[in-house]
Undergrad: 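Take this structure, written in structure tokens, and hold onto it; I'll ask about it next.
Proteins get letters first, then strands, A, B, ... in listed order; numbering begins at 1 in each.
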Protein chains: 2
Amino acid sequence: MRRIAQPELDQIGRGCLAFQMRSLSRAISAIYDAALSEAGLKTTQFSVLVAVANRGAVRPGELARSLRMDESTLSRNVERMCARRWLRVEPGSDRRSRRIAITTNGIDLIRAAYPAWRRVQDQVANRLGSDGIAALKLLAQRLRHPVSNE
Amino acid sequence: MRRIAQPELDQIGRGCLAFQMRSLSRAISAIYDAALSEAGLKTTQFSVLVAVANRGAVRPGELARSLRMDESTLSRNVERMCARRWLRVEPGSDRRSRRIAITTNGIDLIRAAYPAWRRVQDQVANRLGSDGIAALKLLAQRLRHPVSNE
DNA sequence: ATACAATTATTGTATATACAAGATTTTAAA
DNA sequence: TTTAAAATCTTGTATATACAATAATTGTAT
């Protein structure tokens with residue numbers, strides 16, 4: 001088994017694309033979480049809340065696909081948000097499926113959190129610049145649609 | 001309190017920069033985790049392992065800063081990795097500080113995981129393209145160093 | 001009709017993450 | 001030197017995340 005040289009190790013550490021992306025995610029999430037904390041919720045919760053408000057009563061699986069989130073992850077998130085009366089789960093058309101709906105409390109919470117979200121969104125957008133925003137879009141596209149010729 | 005219109009809601013959902021970044025992080029982490037699972041570790045663990053191997057015995061706080069990770073987060077990660085005998089915590093110069101070191105097992109694990117990491121790194125790099133990689137770098141720079149004129 | 005496959009969602013278990021609150025130890029100030 | 005402040009880590013608590021396993025229901029093939 002070959003030895004891994006020191007310069008190579010350094011390249012691995014700083015060069016790992018997953019690490020870089022996770023690092024960015026942590027950084028940006030911290031900024032948003034700090035801004036949204038005054039409204040008493042987290043970034044992910046805000047996203048889920050808005051998604052449900054946007055789509056009306058929606059099946060868990062469908063919502064998870066839409067948010068590109070694992071079903072079980074969403075399930076746990078919804079669980080917490082139901083406990084807080086921001087969401088509500090109703091029986092679905094099928095007896096195995098369900099429908100997630102937003103409550104009046106949830107709608108109020110979106111309204112209450114919106115100013116803080118707007119501020120931080122503008123602030124971060126400024127910080128990233130238009131090319132930064134474009135960079136984000138590019139990455140999303142590349143990760144969603146793999147290049148065909150390989 | 002103003003009502004938030006439907007089109008605006010849609011913009012909030014898909015436009016939230018934190019949400020986009022988290023989504024990317026989930027996507028890329030899933031790819032790396034799948035590749036590294038054959039070696040029995042996760043992306044973050046690999047990063048921490050390599051960082052420690054790279055820097056030699058290092059203080060927790062220093063390592064956390066270097067990885068841009070919360071100290072408590074790192075502490076918990078190290079805890080798990082010590083339980084697996086990949087890392088070891090030694091007394092530091094100070095009686096309040098400590099030094100994290102990699103074990104022989106840890107070094108072996110890096111060697112064992114390296115081929116899988118190399119493969120997935122190349123695969124994702126291909127998928128992102130050189131401009132994708134550049135985009136990632138740009139974002140990191142913008143998030144680390146805020147634009148001065150605002 | 002019955003047995004098997006597919007759909008839909010939740011639970012078990014484990015890692016990742018971070019804020020706030022300790023617990024120790026050093027340093028600095030009075 | 002006694003005491004307050006700073007430094008350094010870990011722990012308490014909560015959320016985020018996902019893979020594998022389970023549970024329940026519906027659809028299908030024989």
Side-chain angles (χ1 to χ4, degrees), chain A residues 18-19 21-38 40-49 58-65 67-84 86-87 89-100, chain B residues 18-19 21-38 40-49 58-65 67-84 86-87 89-100:
Chain A
F19 171 72
M21 196 75 89
R22 288 174 82 96
S23 180
L24 289 181
S25 175
R26 286 196 298 268
I28 209 170
S29 291
I31 298 173
Y32 275 75
D33 279 345
L36 289 177
S37 73
E38 67 183 55
L41 40 56
K42 304 292 204 78
T43 305
T44 296
Q45 299 175 330
F46 184 72
S47 295
V48 170
L49 211 51
V58 61
R59 290 194 296 106
E62 198 183 333
L63 185 58
R65 254 191 315 283
L67 294 172
R68 294 170 208 285
M69 207 177 276
D70 189 89
E71 271 196 68
S72 66
T73 298
L74 181 66
S75 182
R76 293 284 159 51
N77 273 293
V78 168
E79 183 179 55
R80 284 187 282 268
M81 295 171 77
C82 279
R84 301 221 162 103
W86 299 342
L87 296 179
V89 175
E90 308 165 342
S93 54
D94 232 60
R95 211 167 294 181
R96 60 197 158 170
S97 93
R98 312 199 169 172
R99 292 197 311 180
I100 303 169
Chain B
F19 171 74
M21 196 76 88
R22 288 175 81 97
S23 181
L24 289 181
S25 174
R26 287 196 298 268
I28 210 170
S29 291
I31 298 173
Y32 275 76
D33 278 345
L36 289 177
S37 73
E38 68 182 54
L41 40 55
K42 303 294 204 79
T43 304
T44 297
Q45 298 175 330
F46 184 74
S47 296
V48 171
L49 212 50
V58 61
R59 291 195 296 106
E62 198 184 332
L63 185 58
R65 254 191 315 283
L67 294 172
R68 294 170 208 287
M69 207 176 275
D70 189 90
E71 273 197 66
S72 66
T73 299
L74 181 66
S75 181
R76 293 282 158 56
N77 272 293
V78 168
E79 183 180 53
R80 284 187 282 268
M81 295 171 75
C82 280
R84 303 223 161 104
W86 301 340
L87 296 179
V89 175
E90 307 166 342
S93 53
D94 232 60
R95 210 168 295 181
R96 59 193 159 173
S97 93
R98 314 199 167 172
R99 292 198 310 180
I100 303 170

Undergrad: Quick one: A/Met21 CE to D/dT17 C1', roughly how many Å, whole number?
TA: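 Rounding to the nearest Å, CE of A/Met21 and C1' of D/dT17 are 17 Å apart.
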Undergrad: Is there a side-chain polar atom (N or O) of B/Arg22 under 4.0 Å from OP1 or OP2 of D/dT17?
TA: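 Yes, within the criterion.
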Undergrad: Pick out which of A/Ile100, A/Val89, A/Leu87, A/Leu41 makes a side chain to side chain contact (heavy atoms under 4.5 Å, CB included) with A/Met81.
TA: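 With A/Met81 as partner, A/Ile100, A/Val89, A/Leu87, A/Leu41 yield a single side chain to side chain contact (heavy atoms under 4.5 Å, CB included), made by A/Leu87.
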Undergrad: Using Watson-Crick or G-U wobble geometry with both distances below 3.5 Å, tell me the partner of D/dT30, or none.
TA: C/dA1
Undergrad: Considering just the side-chain nitrogens and oxygens of A/Arg59, establish if one lies under 4.0 Å of OP1 or OP2 belonging to C/dT7.
TA: no
Undergrad: Between B/Thr43 and A/Glu71, which has a closest nucleotide on DNA chain C that is more 5'?
TA: A/Glu71
Undergrad: Take atom CD1 of A/Ile28 and atom C1' of C/dA18, then tell me their distance rounded to the nearest Å.
TA: 17 Å
Undergrad: State, with a plain yes or no, whether a side-chain heavy atom of A/Arg99 is found less than 4.5 Å away from one of A/Glu62.
TA: no
Undergrad: Taking atom types as modelled, find out whether A/Thr44 and B/Arg22 have a side-chain donor-acceptor pair closer than 3.5 angstrom.
TA: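 Distance-only check passes for A/Thr44 and B/Arg22.
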Undergrad: Nearest to the side chain of A/Lys42, heavy atoms from C-beta on, is which of C/dA18, D/dA18, D/dA16?
TA: D/dA16
Undergrad: Whole angstrom is fine here: how far is it from CE in A/Met81 over to P in D/dT15?
TA: 11 Å
Undergrad: Is A/Arg26 reaching over with its side chain to a backbone N or O of B/Arg68, donor-acceptor style, under 3.5 angstrom?
TA: yes
Undergrad: Indicate yes or no for a side-chain donor-acceptor contact from A/Asp33 to the backbone of A/Thr43 under 3.5 Å, with no hydrogens or angles considered.
TA: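 The answer is yes, because a donor-acceptor pair under 3.5 Å joins these two groups.
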Undergrad: Could you list the protein-to-nucleotides 20-23 of chain D atom pairs, N/O on both sides, closer than 3.5 Å?
TA:
none

Undergrad: Does C/dA18 have its OP1 or OP2 closer than 4.0 Å to a side-chain nitrogen or oxygen of B/Thr73?
TA: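 Yes, B/Thr73 has a side-chain N/O under 4.0 Å of OP1/OP2 on C/dA18.
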Undergrad: Grab the CG-P distance between A/Leu87 and D/dT15 for me, whole Å please.
TA: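 Distance check: A/Leu87 CG to D/dT15 P gives 14 Å.
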Undergrad: Have a look at A/Asn77 and say if it touches a base, only the backbone sugar-phosphate, or nothing, with a 4.0 Å heavy-atom cut-off.
TA: sugar-phosphate
Undergrad: So which one's nearest nucleotide on DNA chain D is more toward 5', A/Gln45 or A/Asp94?
TA: A/Gln45
Undergrad: Return no unless some side-chain N or O of B/Arg26 is found under 4.0 Å from OP1 or OP2 of C/dT15.
TA: no
Undergrad: When all nucleic acid strands are considered with a 4.0 Å heavy-atom cut-off, which category describes B/Arg65: base, sugar-phosphate, or nothing?
TA: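 Result for B/Arg65 = nothing.
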Undergrad: Assign each of A/Pro60 and B/Arg96 to its nearest nucleotide of DNA chain C by heavy atoms, then name whichever residue's nucleotide is nearer the 5' end.
TA: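 Going by which nucleotide is closer to the 5' end, it is A/Pro60.
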Undergrad: Which pair of heavy atoms, one from A/Ser93 and one from A/Ser97, lies closest together, and at what distance?
TA: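 Nearest heavy atoms, A/Ser93 then A/Ser97: N-OG, 4.1 Å.
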Undergrad: NA contact type, B/Arg98, heavy-atom cut-off 4.0 Å: base, sugar-phosphate, or nothing?
TA: sugar-phosphate
Undergrad: Tell me what A/Arg84 touches on the nucleic acid: a base, only sugar-phosphate, or nothing, going by heavy atoms under 4.0 Å.
TA: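 Touches sugar-phosphate only.
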Undergrad: A/Phe19: which residues meet the ring-ring contact (aromatic ring centres under 6.0 Å, His included) condition with it, sequence neighbours left out?
TA: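 None.
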Undergrad: Rounded to whole Å, how long is the line connecting atom OH of B/Tyr32 with atom C1' of D/dA18?
TA: 19 Å
Undergrad: For the side chain of A/Arg80, counting heavy atoms from C-beta on, which of D/dT17, D/dT11, C/dA9 is nearest?
TA: D/dT17
Undergrad: Is any N or O donor-acceptor pair between the side chain of A/Arg76 and the base of C/dG12 shorter than 3.5 Å?
TA: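 Side chain to base: pair present.
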Undergrad: Expressed in angstrom and rounded to an integer, what is the separation of A/Met69 atom CE from D/dC19 atom P?
TA: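 Spelled out: CE on A/Met69 to P on D/dC19 is 14 Å.
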Undergrad: Rounded to the Å, how far apart are A/Leu67 CG and D/dA18 P?
TA: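 That distance rounds to 11 Å.
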Undergrad: Between A/Arg76 and A/Thr73, is any pair of side-chain heavy atoms under 4.5 Å apart?
TA: no
Undergrad: What is the minimum heavy-atom distance between B/Ser37 and B/Ala34, and which atoms define it?
TA: OG-O, 2.9 Å
Undergrad: Give the rounded distance in Å between these two atoms: CZ of A/Phe19 and C1' of C/dT15.
TA: 17 Å
Undergrad: So, is A/Thr44 near the phosphate of D/dT17, with a side-chain N or O under 4.0 Å from OP1 or OP2?
TA: yes
